[in-house]
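Some notes on the structure that comes next.
Quick note: numbers below take in every heavy atom, side chains included, and nothing from hydrogens, waters or symmetry partners. Since the structure is predicted, the reported quantities are computational estimates derived from the model, not experimental observations.
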Amino acid sequence: VIFSNFKISAQETDEKIKPGIFGLGAHLERYISNNDYANHYFIPANKIVFTITPVKYLRFEPEIGINYSKDKDNDLIDKTIYYGLGVFGMYQREKTNFYGGLRVGNVKRQDEYLNFGTNAKQTSESKTFSIGPIFGAEYFFGKHFSIGAEVGIYYFNLNASGDQSSAAA
């Protein structure tokens with residue numbers, strides 16, 4: 001009589017990856033609205049993000065975005081600078097972080113355009129304050145790389161001073 005005992009165990013275990021205290025990332029965003037012209041005023045679509053995670057359940061995300069464009073045909077310039085801060089609570093499950101919190105931001109924009117009537121170059125300036133709740137998740141592929149997505153609703157306060165002519169009218 002031969003007795004044998006085979007034990008086969010298969011269990012996939014995803015180890016928790018502890019986020020580093022400091023990190024660097026990018027936000028690649030697109031705002032959904034029924035007014036694309038208004039979206040242009042708010043925030044540069046892409047931003048550099050610095051993450052600071054001092055404790056396991058808390059993250060700060062200072063961020064900055066810059067947009068500069070110049071029209072080849074008429075030398076009109078559009079400049080936008082964004083700076084903001086997100087503060088999030090976090091919960092980690094295996095290799096996925098779930099987070100939620102508040103993000104505030106400020107945008108300063110300067111836009112040159114040609115007046116329809118006089119064809120004179122004019123400048124409009126605007127400042128926008130934004131605040132809103134954000135919810136998201138990120139998946140860690142390794143200790144130094146993750147990818148994620150988030151959704152949020154923003155309240156915007158737009159202050160514009162416009163139509164400053166650079167030529168005598």
Side-chain angles (χ1 to χ4, degrees), residues 19-54 58-90 97-141 144-169:
I21 294 174
F22 298 103
L24 180 66
H27 273 170
L28 309 176
E29 301 182 35
R30 174 69 181 130
Y31 290 91
I32 298 171
S33 171
N34 60 357
N35 185 349
D36 277 338
Y37 179 74
N39 280 336
H40 191 61
Y41 269 100
F42 296 149
I43 296 177
N46 303 321
K47 297 182 279 293
I48 296 172
V49 180
F50 305 93
T51 61
I52 304 166
T53 310
L58 181 65
R59 174 180 287 171
F60 299 100
E61 287 188 356
E63 56 187 357
I64 186 167
I66 299 171
N67 180 51
Y68 178 89
S69 60
K70 185 174 184 178
D71 190 314
K72 290 190 301 187
D73 297 330
N74 49 29
D75 289 334
L76 298 176
I77 295 173
D78 181 2
K79 297 183 281 191
T80 308
I81 297 175
Y82 167 87
Y83 57 93
L85 175 67
V87 179
F88 305 107
M90 293 191 322
N97 260 353
F98 299 94
Y99 59 92
L102 191 66
R103 179 170 288 133
V104 296
N106 282 294
V107 178
K108 183 177 179 185
R109 179 170 185 262
Q110 187 176 42
D111 182 39
E112 296 178 345
Y113 63 95
L114 295 177
N115 183 297
F116 279 133
T118 63
N119 208 28
K121 187 186 285 189
Q122 292 184 311
T123 302
S124 67
E125 293 184 1
S126 65
K127 293 180 182 177
T128 305
F129 170 78
S130 62
I131 187 168
I134 303 292
F135 300 97
E138 63 184 344
Y139 181 80
F140 284 91
F141 290 97
H144 301 290
F145 182 76
S146 69
I147 191 165
E150 62 184 36
V151 295
I153 299 172
Y154 287 103
Y155 164 77
F156 289 98
N157 183 7
L158 173 65
N159 293 311
S161 61
D163 305 348
Q164 297 173 352
S165 177
S166 60

Straight-line distance of [X] [atom1] to [Y] [atom2], nearest 0.5 Å:
{"X": "N159", "Y": "T128", "atom1": "CG", "atom2": "OG1", "result": "7.5 Å"}
{"X": "S130", "Y": "R103", "atom1": "OG", "atom2": "CZ", "result": "9.0 Å"}
{"X": "L24", "Y": "H144", "atom1": "CG", "atom2": "NE2", "result": "13.0 Å"}

Would a 4.5 Å heavy-atom cut-off, applied to side chains only, mark [X] and [Y] as touching?
{"X": "R59", "Y": "T51", "answer": "yes"}
{"X": "F129", "Y": "K127", "answer": "no"}
{"X": "F22", "Y": "I52", "answer": "yes"}
{"X": "N106", "Y": "I81", "answer": "no"}

Around atom CD1 of I48, are there more than 12 heavy atoms from other residues, nucleotides or ligands closer than 6.0 Å?
no

So with a 6.0 Å cut-off around OH of Y83, is the heavy-atom count from everything else above 12?
no

The side chain to side chain donor-acceptor pair (under 3.5 Å) partner of Y99 among E61, E150, E138 is E150

Please identify each residue that fulfils side chain to side chain donor-acceptor pair (under 3.5 Å) with K79, with sequence neighbours left out.
Q110

So F141 and F145, would you call those rings parallel, tilted or perpendicular, with 30° and 60° as cut-offs?
tilted

